[in-house]
Amino acid sequence: MRWIALGGDTIRQYKVGIYDGDRAYMLSLMNYINSDSNNPLFALAFSQSSELMTYLGQNDLDLLIVDEDSLYELGQTASGQRLVILTAGQTLDDGEKTEERCVLYKYSKAKNIVSDILKFMDISVAGKRRLFRSYCVYSPLGRCGKTNLAMSICMNDDVRGGLYIGMEEFCSFLDQTDVVSNIIYLAKERSDRFLSYVSEHVVDLDGYSVLGYLRSYEDAMELVPGDVEWILRQLESWGKYTTVVFDMGQAVLKDLAVLGTFDEVVMPVLSDDISNEKVNSFFQIMKDEELGKLASRMRKVNVPNTAPQSARMLKFMEDEFRR
């Protein structure tokens with residue numbers, strides 16, 4: 001299961017397969033779906049029935065889009081799949097809909113097809129941005145200004161303030177209480193004591209607040225997207241902060257889909273050749289894990305090498321992070 005943030009809401013990413021005898025049409029529809037950051041669909045195109053069968057043998061699809069001619073070719077492969085059938089004529093009734101099958105006119109505008117698919121899957125996409133905003137600052141690079149940026153994003157909130165959560169695998173601050181590991185445990189338990197524990201352990205600093213630092217990266221590796229989504233919901237319902245920032249280490253995530261639970265993922269980068277190669281390798285991994293849509297919304301920034309509240313950093317934050 002994958003997760004992305006759209007319109008300020010964290011929702012599941014739905015995996016959609018497309019099988020159509022018209023390859024150009026199929027690729028065009030796939031590219032339209034995947035280039036639109038305002039929908040939670042991630043499309044995969046299959047040019048041969050054997051490719052689709054092999055994929056379904058190892059993975060699940062939330063929906064299969066197939067043209068009516070190919071439907072008969074697929075036979076049993078399509079059985080058990082939730083289907084959108086694209087018709088070019090009158091062979092099937094355009095607009096026919098049951099719980100598991102919907103028929104749409106193939107040559108409607110792509111935006112109308114996607115809109116009808118979302119309605120069929122009972123998926124709503126919120127368009128209004130919430131006041132609460134969650135950030136993850138993450139980078140495959142070291143010494144790139146990641147922690148300075150995370151602190152600066154917290155300080156940049158002049159509504160109710162920002163909360164910093166340190167989740168680097170090796171932190172420069174020793175947290176004897178092991179607060180972050182404890183909130184991970186409470187989150188996995190979906191404990192009613194979560195917010196009271198958070199309230200007791202928040203430390204207010206000059207311009208922002210801190211909820212501790214991670215002592216053991218192994219604890220963070222237990223997190224799955226649903227855990228982080230739950231944590232963010234609790235912090236939003238608490239209402240004390242309008243910005244929450246996770247300063248995420250390179251090695252703490254077992255599942256990169258965790259990044260998709262945040263409203264924004266910001267990646268500090270460097271401009272040298274070796275750093276560029278590492279960043280490119282990271283995005284290739286995202287693509288290989290079918291997280292291309294999440295990768296496309298990650299924001300790369302060059303963080304100035306300066307203190308969080310310096311004039312240079314304040315100018316950078318004004319340019320890059322206007323609320």
Side-chain angles (χ1 to χ4, degrees), residues 1-5 10 13 134-154 162-191 194 197-198 201-203 209-235 243-270 275 278-279 281-286 288-291 294-295 297-301 303:
M1 186 179 291
R2 304 301 189 189
W3 301 80
I4 56 177
T10 303
Q13 176 174 282
S134 63
Y135 294 84
C136 176
V137 182
Y138 179 90
S139 179
L141 308 177
R143 310 297 294 177
C144 58
K146 183 168 66 66
T147 296
N148 273 354
L149 177 60
M151 292 176 177
S152 296
I153 294 174
C154 288
L163 178 65
Y164 172 95
I165 301 176
M167 293 194 66
E168 294 186 289
E169 56 270 67
F170 301 106
C171 185
S172 56
F173 303 94
L174 183 59
D175 188 345
Q176 298 289 353
T177 311
D178 208 4
V179 171
V180 173
S181 292
N182 289 336
I183 68 168
I184 289 172
Y185 171 78
L186 292 172
K188 294 194 76 66
E189 293 291 313
R190 305 296 192 263
S191 173
F194 178 84
Y197 183 86
V198 168
H201 291 88
V202 165
V203 177
S209 300
V210 173
L211 184 60
Y213 306 90
L214 189 65
R215 290 187 65 188
S216 172
Y217 68 90
E218 293 180 337
D219 292 333
M221 290 183 72
E222 297 299 317
L223 285 170
V224 297
D227 298 332
V228 180
E229 184 193 35
W230 187 86
I231 290 172
L232 294 174
R233 281 204 309 266
Q234 304 311 303
L235 295 175
T243 295
V244 171
V245 182
F246 279 60
D247 182 6
M248 195 76 72
Q250 297 176 29
V252 302
L253 293 182
K254 196 172 189 178
D255 184 355
L256 288 172
V258 166
L259 297 174
T261 60
F262 297 91
D263 293 318
E264 293 196 38
V265 183
V266 188
M267 177 184 289
V269 296
L270 300 170
S275 296
K278 286 184 178 180
V279 170
S281 295
F282 170 81
F283 281 114
Q284 183 59 51
I285 290 173
M286 295 285 282
D288 293 343
E289 294 192 11
E290 298 179 354
L291 291 168
L294 169 58
R297 54 174 285 267
M298 294 174 67
R299 179 151 47 123
K300 294 187 288 186
V301 295
V303 182

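Please read all numbers here as calculations on a predicted model, not as lab measurements. Keep in mind that the numbers below use all heavy atoms, side chains included, and drop hydrogens, waters and symmetry copies.
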Point to revise | salt bridge (charged side-chain N to carboxylate O under 4.0 Å, His left out) partners for Lys278, two or more places apart | key: none
Review point. Nearest heavy-atom pair of Lys146 and Pro268: which atoms, and what distance?
Key: CA-CG, 3.9 Å
Review point. Tell me, do Leu235 and Ile165 make a side-chain contact under 4.5 Å, heavy atoms counted?
Key: yes
**Study point:** Min side-chain heavy-atom separation Met167-Leu223 under 4.5 Å
**Key:** yes
Review point. With no hydrogens and no angle check, is any side-chain donor or acceptor of Arg190 less than 3.5 Å from a backbone partner on Ala187?
Key: yes
Point to revise | Which residues share a side chain to side chain contact (heavy atoms under 4.5 Å, CB included) with Ser275, sequence neighbours left out | key: Leu141, Leu270, Asp272
Review point. Distance-only, no hydrogens or angles: does the Glu168 side chain make a donor-acceptor pair with backbone N or O of Asp247 under 3.5 Å?
Key: no
Study note, to complete from the structure: To the nearest 0.5 Å, atom SG of Cys154 lies from atom OH of Tyr135 at 10.0 Å
Review point. Does Met267 reach the side chain of Leu259, with side-chain heavy atoms less than 4.5 Å apart?
Key: no
Exercise for review: Drop me the distance from Ser134's OG to Ile153's CD1, to the nearest 0.5 angstrom.
Suggested key: 11.0 Å
Practice item. Using a 4.5 Å cut-off on heavy atoms from C-beta on, say whether the side chain of Ile231 contacts that of Phe246. Key: yes
Check your understanding: Less than 4.5 Å apart, any side-chain heavy atom of Asp227 and any of Ile184?
Key -> no
Practice item. Please tell me if the side chains of His201 and Asn182 come closer than 4.5 Å, counting only heavy atoms from C-beta onward. Key: no
Exercise for review: Could you tell me how the ring of Phe194 sits relative to the ring of Trp230: parallel (under 30°), tilted (30 to 60°) or perpendicular (over 60°)?
Suggested key: perpendicular
Practice item. Please examine the side chains of Ser181 and Leu214, heavy atoms only from C-beta on, and report whether any two atoms are closer than 4.5 Å. Key: yes
**Study point:** Closest non-hydrogen atom pair between Ala257 and Leu291, with its separation
**Key:** N-CD1, 3.9 Å
**Study point:** Exercise: identify the closest heavy-atom pair between Pro140 and Phe282
**Key:** CG-CB, 4.0 Å
Study note, to complete from the structure: Heavy-atom closest pair (Lys300 atom, Val279 atom, distance to 0.1 Å) is CD-CG1, 4.1 Å
**Study point:** Which atom of Pro225 lies closest to which atom of Val258, heavy atoms considered
**Key:** N-CG2, 3.8 Å
Point to revise | Gap between atom SG of Cys136 and atom CG of Asp263 - 0.5 Å precision | key: 11.5 Å
**Study point:** Side-chain heavy atoms of Tyr138 within contact of Leu256, under 4.5 Å
**Key:** yes
Point to revise | Tyr197, OH atom: more than 12 neighbouring heavy atoms under 6.0 Å | key: yes
Review point. Measuring from Gln250:CD to Phe170:CZ, what's the distance to the nearest 0.5 Å?
Key: 11.0 Å
Exercise for review: Using the test side chain to side chain contact (heavy atoms under 4.5 Å, CB included), find all partners of Ala295 that sit at least two apart in sequence or belong to another chain.
Suggested key: Phe283, Met286
Practice item. Any chance you could measure Glu229, atom CD, to Gln234, atom CD, to the nearest 0.5 Å? Key: 10.5 Å
